[in-house]
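Chain naming here is simple, since letters A, B, ... match the order of the sequence lines and numbering starts at 1 in each. Keep in mind that this is a model prediction, so the values were computed, not measured.
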Amino acid sequence: MINITLPDGSVRQYKKGTTSLDIAKSISEGLARKVLSASVNGQVWDAARPITGDATLKLLTWNDADGKNTFWHSSAHLMAEAVETMFPGVKFWVGPPVENGFYYDMDLGDKKMTEEDLTALEKKMNELAKQSNSYIRKEMPKSEAVKYFTEKGDEYKLDLLQNLNDGEITFYTQGNFTDLCRGPHIPNTGFIKAIKLMSIAGAYWKGDEKNKMLTRLYGVTFPSQKELDEYLQMLEEAKKRDHRKLGKELGIYTLDDDVGPGLIMWLPNGTVMIEELEKLAKETELEAGYKRVVTPHIAKESMYITSGHLPYYAESMYPPMEMEGEKYYLRSMNCPHHHKIFAATPKSYRDLPYRVAEYGTVYRYEQSGELFGLMRVRCLHMNDAHIYCSKEQFNDEFRAVNDMYLKYFKIFGIDKYVMRLSLHSKEKLGIKYVNEPELWLETEAMVRNVLKESNIPYVEVQDEAAFYGPKIDVQIWSVIGREFTLATNQVDFSQGRSFKLQYTTADNHTETPLIIHRAPLGTHERFIGFLLEHYAGKLPLWLAPVQVKVLPISDKFLDYAKAVSDKLKKADIRSEVDDRNEKIGKKIRDTELLKVPYMLVVGEKEMNENKVAVRRQGKGDAGVKGVDEFIAEATAEIKERRAE
RNA sequence: GCCGUUGUAGCUCAGUGGUAGAGCACUUCCUUGGUAAGGAAGAGGUCAUGGGUUCAAUUCCCAUUAACGGCUCCA
């Protein structure tokens with residue numbers, strides 16, 4: 001007999017070789033029907049795999065991340081089985097579960113898969129699922145596995161085998177499909193009740209663009225049709241929040257083929273948002289001791305050789321233009337210009353920390369396939385500033401920048417993000433990163449130290465630093481799940497030296513300052529794209545391009561409506577009058593759809609009493625108020641930058 | 001940059017080897033209305049661009065371009 005410890009701490013005795021599924025059945029039949037896999041001594045196992053010794057056991061269902069992953073991974077095998085029936089000779093690479101479903105990468109040889117094939121594949125999968133074929137695990141010696149795939153001519157699985165040791169090689173078979181796989185899998189295909197194949201995409205083998213492009217098939221499955229329907233419904237909802245859709249509907253920005261890809265033109269409504277963000281940033285930075293500067297958007301080649309941009313970053317810059325025998329580049333960053341400002345006058349330790357801010361545009365030649373609405377563009381407004389400080393000041397300065405992020409995040413109610421400490425990679429010193437091994441380690445330790453002292457949760461990632469130093473990126477996700485860096489805070493030990501930046505210390509020698517590059521709001525493009533999705537277009541009053549729309553009941557009250565609107569404008573409230581010849585219901589509907597925060601309905605009653613009938617977007621009638629009373633309330637809401 | 005899909009009116013989208021349609025928006029007129037769509041008429045399109053096939057191409061083929069879904073990249 002063996003002792004099985006359950007999550008509640010209870011210990012039960014079972015026969016040696018009993019399975020998790022048997023144990024589930026001994027608890028309840030209902031539970032057994034839901035068990036997808038099991039965590040046995042912390043390892044995820046097939047529910048049907050015999051347990052041969054004492055173990056702590058957690059039965060995994062759809063509600064456990066690992067259970068779900070088992071389900072989706074098994075679904076990938078089911079999909080592969082269906083693909084193999086329709087595309088004989090297909091070779092498979094890997095088929096892991098992902099955040100919302102699973103994919104399988106495959107080499108279809110000279111065959112092509114089209115969107116039309118997806119329906120047929122789904123049908124086939126449903127058919128195979130209904131057969132409730134068990135997923136059968138089989139261990140195999142490496143030599144035998146190598147022989148099997150050599151005969152089959154499957155270079156992909158042979159490649160996988162290279163990294164596996166004898167004794168840890170397992171195969172899984174369901175129905176007529178066998179795959180090299182470490183598992184685990186769900187008991188049988190009958191658990192998969194609802195199937196949706198999402199898309200066909202290309203993906204480089206092993207994620208390396210030098211390798212062959214494989215066909216990647218994405219799918220998602222659920223234990224019931226209802227859950228699939230809900231998921232698809234959720235995707236529809238997410239689409240409504242997509243900043244590209246909202247950006248168009250709300251008149252925020254536009255693109256034009258004649259201007260060029262990734263070059264955003266801000267419409268009047270979007271420009272209001274930019275100005276409000278800059279106002280917030282200027283206020284905040286003034287308080288934090290920053291000075292504002294303005295610099296040109298181009299510079300000579302020599303400066304970008306000094307800065308390191310051309311050696312390390314040329315591919316992402318627009319090609320140069322030539323004038324008077326001199327090459328000029330559009331800037332991809334503001335920092336070199338700011339270094340020149342630092343260098344313009346001699347600095348002493350008394351001038352440090354020296355903080356300069358500028359929200360000028362920079363230009364980056366992003367790969368065409370990477371452009372994405374406002375989130376990835378070729379002309380961007382950085383919320384940029386550079387801090388020049390001594391080593392001793394670094395901690396306080398870096399911490400103050402982090403605090404600034406957090407202050408902004410509070411204003412915007414941003415709580416879903418990840419701070420990533422991005423480090424260099426030793427192997428790429430001199431290629432992707434300036435070749436200063438000790439300085440890298442030293443500054444990375446400094447940054448890590450600040451994060452720890454401030455109790456800021458973070459994750460460390462290798463090989464993601466800037467070429468001049470380590471950084472902290474704040475990661476967010478767009479509504480459709482794409483990952484983006486919202487804000488960034490970087491240390492630079494390199495450019496100060498290359499620009500020969502110096503200050504005189506208290507004991508009268510010269511020292512090179514450390515530089516902090518920071519953009520707590522990232523770029524205005526990305527930040528506004530993010531905000532549109534974050535608020536689903538329902539912007540807080542202070543950010544809303546049109547804050548108030550005055551809606552006269554009929555033309556008779558148009559003059560009064562205009563008078564009210566003028567009064568609001570005088571009080572710095574962005575107000576418009578809906579003077580169309582429409583019924584009030586229509587005016588309200590259209591204004592609701594434009595997500596204007598306040599509607600002021602005015603008719604005979606209001607006119608006679610110098611009042612307005614207030615309506616809050618999405619909330620309906622909020623009662624009648626005096627005009628001055630409304631102005632006072634709205635002004636307070638704006639001034640405090642209240643979320644609502 | 002790579003793989004795949006798409007490009008028809010300002011927007012959302014039908015449609016066709018014989019030079020195009022709907023709804024919304026827009027203009028004008030009627031209507032002057034109390035909290036999410038009043039009525040009528042009208043205007044608006046080199047069917048992304050360039051080639052090819054054809055008696056004839058918006059439709060079929062090729063190239064280019066842009067957007068979209070991924071991959072790769074990303075200061």
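- Residue A:F467 is classed as having no contact, given no heavy-atom separation below 4.0 Å to the nucleic acid.
- In this structure, the CG atom of A:D555 is 15 Å from the C1' atom of B:rG34, given to the nearest Å.
- A distance of about 24 Å separates the P atoms of B:rC11 and B:rG38, rounded to the whole Å.
- Using C1' as the reference atom, B:rG1 and B:rU16 are 37 Å apart when rounded to the nearest Å.
- Residues A:E582 and A:Q490 both approach RNA chain B. Their nearest nucleotides, taken by heavy-atom distance, put A:E582 toward the 5′ side.
- Taking atom NZ on A:K196 and atom P on B:rG69, their separation rounds to 16 Å, with Å as the unit.
- Ranking B:rU31, B:rG34, B:rU32 by closeness to the A:K556 side chain, first place goes to B:rU32.
- Among the heavy atoms of the strands lying under 4.0 Å from A:K605 is at least one base atom, whether or not backbone atoms are also near.
- Counting non-hydrogen atoms under 4.0 angstrom, A:G373 reaches the backbone sugars and phosphates but no base.
- Residue contacts shown for A:G603 include a base, since a base heavy atom lies under 4.0 Å away.
- Residues satisfying the ring-ring contact (aromatic ring centres under 6.0 Å, His included) criterion with A:Y156, sequence neighbours excluded, are A:W205.
- At the heavy-atom level, A:A519 lies nowhere under 4.0 Å from the strands shown.
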Got a list of protein N/O to nucleotides 23-25 of chain B N/O distances below 3.5 Å?
residue : atom : partner : partner atom : Å
B:rA25  : OP1  : A:K586  : NZ           : 2.6

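- Rounded to a whole angstrom, the distance from the C1' atom of B:rU58 to that of B:rG50 is 15 Å.
- As a whole-Å value, the separation of A:D256 CG from B:rC11 P is 11 Å.
- Each of A:M333 and A:P261 was matched to the nucleotide of RNA chain B holding its nearest heavy atom; the match closer to the 5' end belongs to A:P261.
- For A:E358 and A:R331, the salt-bridge test passes: some basic side-chain N is under 4.0 Å from an acidic carboxylate O.
- A salt bridge links A:E609 to A:K611: one of the charged nitrogens lies within less than 4.0 Å of a carboxylate oxygen.
- Taking atom P in both B:rC2 and B:rA63, the straight-line distance is 13 Å, to the nearest Å.
- Note on A:S368: a side-chain N or O is less than 4.0 Å away from OP1 or OP2 of B:rG1.
- Exactly one of A:L429, A:D463, A:T443 qualifies for a side-chain contact (heavy atoms from CB on, under 4.5 Å) with A:H424. That residue is A:L429.
- Here A:Y218 lies in heavy-atom contact (under 4.0 Å) with sugar-phosphate atoms only.
- Nucleic acid contact class of A:G369 (heavy atoms, under 4.0 Å, all strands): base.
- Across B:rC47 and B:rU28, the matching C1' atoms stand 29 Å from one another, rounded to whole Å.
- Contact check on A:E592 versus A:R589 returns no salt bridge, with no Lys/Arg side-chain nitrogen under 4.0 Å from an Asp/Glu carboxylate oxygen.
- Remark: the A:Y204 side chain and the B:rG1 base include a donor-acceptor N/O pair separated by less than 3.5 Å.
- Listed by chain and residue number, A:Y354, A:Y388 satisfy the ring-ring contact (aromatic ring centres under 6.0 Å, His included) test with A:F342 (two or more places apart in sequence, or in another chain).
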Side-chain donor-acceptor distances from residues 250-261 of chain A under 3.5 Å, at least two apart:
residue : atom : partner : partner atom : Å
A:D256  : OD1  : A:D258  : N            : 2.7

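- OP1 or OP2 of B:rG69 sits under 4.0 Å from a side-chain N or O of A:R482.
- Considering only side-chain N and O atoms, A:K248 lies under 4.0 angstrom from the phosphate OP1 or OP2 of B:rU12.
- Side-chain proximity of A:Q367 to B:rG34, B:rU32, B:rG1: nearest is B:rG1.
- A:E604 comes within 4.0 angstrom of a nucleotide base, judged by non-hydrogen atoms across all strands.
- Atom CG in A:L118 sits roughly 14 Å away from atom P in B:rG70 (whole-Å rounding).
- If you check the side chains of A:S575 and A:S565, you find a donor sitting under 3.5 Å from an acceptor.
- The side-chain heavy atoms of A:E606 and A:V564, taken from C-beta on, include no pair separated by under 4.5 Å.
- No engagement by A:E483 is indicated, since no non-hydrogen atom pair under 4.0 Å with the nucleic acid exists.
- A:R216 comes within contact range of the sugar-phosphate backbone alone, with a heavy-atom separation under 4.0 Å but no base atom that close.
- Classified by interplanar angle (parallel below 30°, tilted 30° to 60°, perpendicular above 60°), the ring pair A:Y312/A:F467 is parallel.
- At the heavy-atom level, A:L371 lies under 4.0 Å from the strands shown only through sugar-phosphate atoms.
- Other residues, nucleotides and ligands contribute at most 12 non-hydrogen atoms within 6.0 Å of the NZ atom of A:K239.
- In this model, no side-chain donor or acceptor of A:E315 finds a partner on the base of B:rG1 within 3.5 Å.
- Looking at A:E604 and A:K556, no side-chain N of the basic residue comes within less than 4.0 Å of a carboxylate O on the acidic one, giving no salt bridge.
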Please produce a list of atom pairs where a protein N or O lies less than 3.5 Å from an N or O of nucleotides 3-10 of chain B.
residue : atom : partner : partner atom : Å
B:rC3   : O2   : A:G202  : N            : 3.1
B:rG4   : OP1  : A:K112  : NZ           : 3.1

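- For A:D242 and B:rG69, the CG to C1' distance is 12 Å, given to the nearest whole Å.
- Distance A:Y253 OH to B:rA67 C1': 11 Å, rounded to the nearest Å.
- Remark: A:K206 does not engage A:D208 in a salt bridge, criterion side-chain N to carboxylate O under 4.0 Å.
- Using bins of under 30°, 30° to 60° and over 60° for the plane-to-plane angle, the ring pair A:H243/A:F372 lands in the perpendicular bin.
- Relative to the ring axis of A:Y363, A:R378 does not place its NZ or CZ within 45° and under 6.0 Å from the centre.
- Using a 4.0 Å heavy-atom distance criterion, A:S199 is classed as a sugar-phosphate-only contact.
- Other residues, nucleotides and ligands contribute over 12 non-hydrogen atoms within 6.0 Å of the OH atom of A:Y318.
- Taking atom C1' on both B:rG33 and B:rA37, the two are 14 Å apart, rounded to the nearest angstrom.
- For the pair A:R376 and B:rC74, the criterion of a side-chain N or O lying under 4.0 Å from OP1 or OP2 is not met.
- Atom P of B:rC61 sits at a distance of 12 Å from the matching atom of B:rU5, rounded to the whole Å.
- In this structure, A:Y560 places its OH atom 19 Å from P of B:rG34, rounding to the nearest Å.
- A:I584 comes within contact range of the sugar-phosphate backbone alone, with a heavy-atom separation under 4.0 Å but no base atom that close.
- In this structure, A:S316 reaches the bases: a heavy-atom distance under 4.0 Å links it to at least one base atom across the strands shown.
- Close to B:rC74, at under 4.0 Å from its OP1 or OP2, lies a side-chain N or O of A:K432.
- One finds no side-chain N or O of A:R616 lying less than 4.0 angstrom from the OP1 or OP2 phosphate oxygen of B:rU35.
- Atom-to-atom, CG of A:N581 to P of B:rC26 comes out at 12 Å; the value is rounded to the nearest Å.
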### Secondary-structure string, 5' to 3', Watson-Crick or G-U under 3.5 Å, | for another-strand partners, for RNA chain B
(((((((..((((....[..)))).(((((.......))))).....(((((..]....))))))))))))....
